[in-house]
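Taking it in order: structure first as C-alpha cells, then the write-up.
Within every chain, numbering begins at 1; the chains are lettered A, B, ... in the order of the sequence lines, protein sequences first and strands thereafter.
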There are 2 protein chains.
Amino acid sequence: MTPRPTVRIVLADDERMVRTALRAILSAEPDLEVVGEAATGAEAVSVVRERRPDVVLMDVRMPEIDGIRATEQILATLTDPPRIVVVTTFENDSYVYDALRAGAAGFLLKRAEADALVQAVRLVSHTDTLLFPSAVRSLAAEHARACPAPAPWVARLTGRESDVLRLMAQGLTNAEIARRMEVGPATVKSHVAAVLAKTGTRDRTQAVIAAYEAGFMNAR
Amino acid sequence: MTPRPTVRIVLADDERMVRTALRAILSAEPDLEVVGEAATGAEAVSVVRERRPDVVLMDVRMPEIDGIRATEQILATLTDPPRIVVVTTFENDSYVYDALRAGAAGFLLKRAEADALVQAVRLVSHTDTLLFPSAVRSLAAEHARACPAPAPWVARLTGRESDVLRLMAQGLTNAEIARRMEVGPATVKSHVAAVLAKTGTRDRTQAVIAAYEAGFMNAR
DNA sequence: GGGCCTCTCCCCCGTGCGGCGGAGACGGAT
DNA sequence: ATCCGTCTCCGCCGCACGGGGGAGAGGCCC
C-alpha cells in the first residue's frame, strides 16, 4: 500500500470518557494523530478553526450548539474545510438526514468496532467517499417510497391529457389551462373529464393527489 | 491494529481487464485474497455459491443477468451470504438506488483510488457498515426535497385547520370532512377559508398542492 | 373586566366545476 | 373502406365551492 501521510483529527464530544476512548483507539495507529478536542459545539468550531484538522469526529448531542449546527458552521466559514464524520448512538436517528444535509462526509455509530473506526477515518480522510451505517437502508427505503412505480393509469394518459394534468397539478383553473395550452375552454373540460375517468377520481383535487402519489410530478 | 483474518473476495465484471486490475490491486494486500472471478451475472451467482467469499465486487452492467439481479439472487438463495459491493462508473447512476434496495452492502465508483478500494473492502468485510460514494449526497438531497423545511404557514395553522387540510389533501369534500370531523359543514367551510388565507391559495386544489410541496403530508 | 384567539355555526350569492350527450376532423390500423 | 383513438369544440344542468359578512361560546392573558 502507498505510504500514508498522517491524518490530523479533532474529537468533539461532550463526554470526556468518549473522547478518551476515541483518542486511545486512534492514537494506537501511527498514521493517525488527534490534534484537538472539544466538549461543545461552539468549542468544536473554534478548535477546528485553530488546528485545521483533516477529519473531525463530531458527536450529535452536545451542549450549546449541537453537532449538526457545528458542522454547518465549520463548512460555511472555513475554506478547505475538514471532512466531518458525525457520530451517534442510534442508527435510526433522524440526525442522519440532518447530518447529510449539513454536509457531513460520513456517519458512524458509536457501537462501531475500533477497527472499523480507524479504517473509516482513513477512508474519509483522502477520498470523497462517504461511509455509512445501515441507516442508509432506511434512506433508500424512503427513496423507494418517494419514487413509487408509476401507477398503471399514467401510461394510459394521452399527450394532451398529461399536459392538462400537469397544469392541474400546478393549481390552474380550466380557463387558465386553456389559455396556457392555447385551446378552447371546452377542450380543456374534455381532457379533464378524461383524466378524471382514467385516474378513477371524481374531481380535480383528487386527480392532483393521484398525480403526486403516483410520482407523476417527479417525472420529467 | 488487531491481526486481520484473510478476506476472501470474488470479482464479477464482464471486462477481463477490469478484473485483472482489481485482482492486481487486491492481491498486493496480504490480508486480501481473490478466490474467484465471474464475467456474467449468472456466473457470479454460481461462483459465489461455490467459493463462499466474504466480499463480492459486483459490476452493475453485465450480460445475461445484471449485477443488481445477481445481488438479489445471491442474497435470496444463500444462507450467511457475502457482503456485496456494487461497482459502477457513474455516480449519478440510478443503479445506486436499485443496488441498495437489492441489499448491496456498499457502493463504489470505478474511478476510486486503489487505496480507497482496499480499505473499502476491508471495512465492508467485517462490519455492518455501508460505504458509499458521493452519490449519497444526491440521495440526501432527494430526501431533503421530499422533506423540505416546513413552509412558515404550517406553524400558523390551528389544530382544526391542520386537520381540515389533511383531509382536504385526501380528496374529501367539505361535507365528507364535516362528517369525518363530526362538525357542521359550515364549520368546515370556515376552516377551509382560513386554510386558503394562511396558505395564500385560492382554492382547495392549490391548498393541497401547497400541503404536498411543504411536506405537510409527510409530517406525522 | 376587557381584549384576543379558537371553534362553532348561520345567511346569501356568484361561479368554477363536473356530468351528460353530441359532433366534426385527422390519422393510423386492418 | 372502415374502424378506432385522439384532439378539438358545443350546449345544458346541478351543485359543491369560495367570498363576504356576521355571531355566540369558551379559553387565555393581563
Side-chain angles (χ1 to χ4, degrees), chain A residues 150-217 219-220, chain B residues 150-217 219-220:
Chain A
W153 55 259
V154 171
R156 311 195 33 156
L157 293 180
T158 68
R160 295 308 256 184
E161 286 160 2
S162 294
D163 297 339
V164 169
L165 178 55
R166 208 174 304 280
L167 294 173
M168 278 196 281
Q170 286 171 24
L172 304 188
T173 66
N174 288 343
E176 288 167 339
I177 294 174
R179 282 195 289 276
R180 196 75 74 88
M181 289 177 61
E182 293 177 338
V183 296
T187 303
V188 176
K189 286 192 70 172
S190 295
H191 290 317
V192 169
V195 168
L196 295 184
K198 289 185 181 175
T199 54
T201 53
R202 68 174 172 218
D203 56 43
R204 69 201 299 102
T205 302
Q206 286 192 353
V208 169
I209 293 169
Y212 268 89
E213 295 293 342
F216 183 81
M217 300 310 294
R220 199 166 351 272
Chain B
W153 55 259
V154 171
R156 313 196 32 156
L157 293 179
T158 68
R160 295 307 258 182
E161 286 160 2
S162 294
D163 297 339
V164 169
L165 178 54
R166 207 173 306 281
L167 294 172
M168 278 196 280
Q170 287 171 23
L172 304 188
T173 66
N174 288 344
E176 288 168 338
I177 294 173
R179 280 194 290 276
R180 197 74 74 88
M181 289 176 62
E182 293 178 336
V183 296
T187 303
V188 175
K189 288 192 67 174
S190 294
H191 290 317
V192 170
V195 168
L196 296 184
K198 289 184 180 175
T199 54
T201 53
R202 68 173 174 221
D203 55 41
R204 68 199 302 101
T205 303
Q206 287 191 355
V208 169
I209 294 169
Y212 269 89
E213 295 293 341
F216 183 81
M217 298 311 293
R220 196 169 358 266

> Taking atom C1' of D:dC7 as reference, at what distance in whole Å does atom CD1 of A:I177 sit?
Replying inline: 16 Å
> Can you name the nearest heavy-atom pair linking B:A207 to B:T199, along with the distance?
Replying inline: CB-OG1, 4.4 Å
>> On DNA chain C, compare the nucleotides closest to B:E182 and A:A193; which residue's is nearer the 5' end?
In response: B:E182
>> Using whole Å, what does the distance between atom P of nucleotide C:dG18 and atom CE of A:M168 come to?
In response: 8 Å
> In whole angstrom, what separates B:R202's CZ from D:dG19's P?
Replying inline: 10 Å
> Within the structure, does a side-chain N or O atom of B:T158 lie under 4.0 Å from either OP1 or OP2 of C:dC7?
Replying inline: yes
>> Measure CG/A:N174 against P/D:dC10 and give the value in whole Å, please.
In response: 14 Å
> Any ion pair linking A:R160 and A:E182 (charged N to carboxylate O, less than 4.0 Å)?
Replying inline: no
> Any sub-3.5 Å donor-acceptor pair from A:E161's side-chain atoms to A:T158's backbone N or O?
Replying inline: yes
>> With a sphere of 6.0 Å drawn around CZ of B:R202, does it hold more than 12 non-hydrogen atoms of other residues, nucleotides or ligands?
In response: yes
> Has the side chain of A:T187 got a donor or acceptor atom sitting under 3.5 Å from an opposite partner on the base of D:dC9?
Replying inline: no
> Atom NE2 of B:H191 and atom P of C:dC5: how far apart are they, to the nearest Å?
Replying inline: 16 Å
>> Taking the nucleotide of DNA chain C with the nearest heavy atom to each, does A:A175 or B:E161 sit closer to the 5' end?
In response: B:E161
> Which nucleotide sits closest to the side chain of A:V183: D:dT8, D:dA16, C:dG19?
Replying inline: D:dT8
> In whole angstroms, how far is the C1' atom of D:dG20 from the NZ atom of B:K189?
Replying inline: 10 Å
>> Rounded to whole Å, please give me the gap between CZ in B:R204 and P in D:dG19.
In response: 11 Å
>> Rounding to an integer number of Å, can you tell me how far A:D203 CG sits from C:dG19 P?
In response: 9 Å
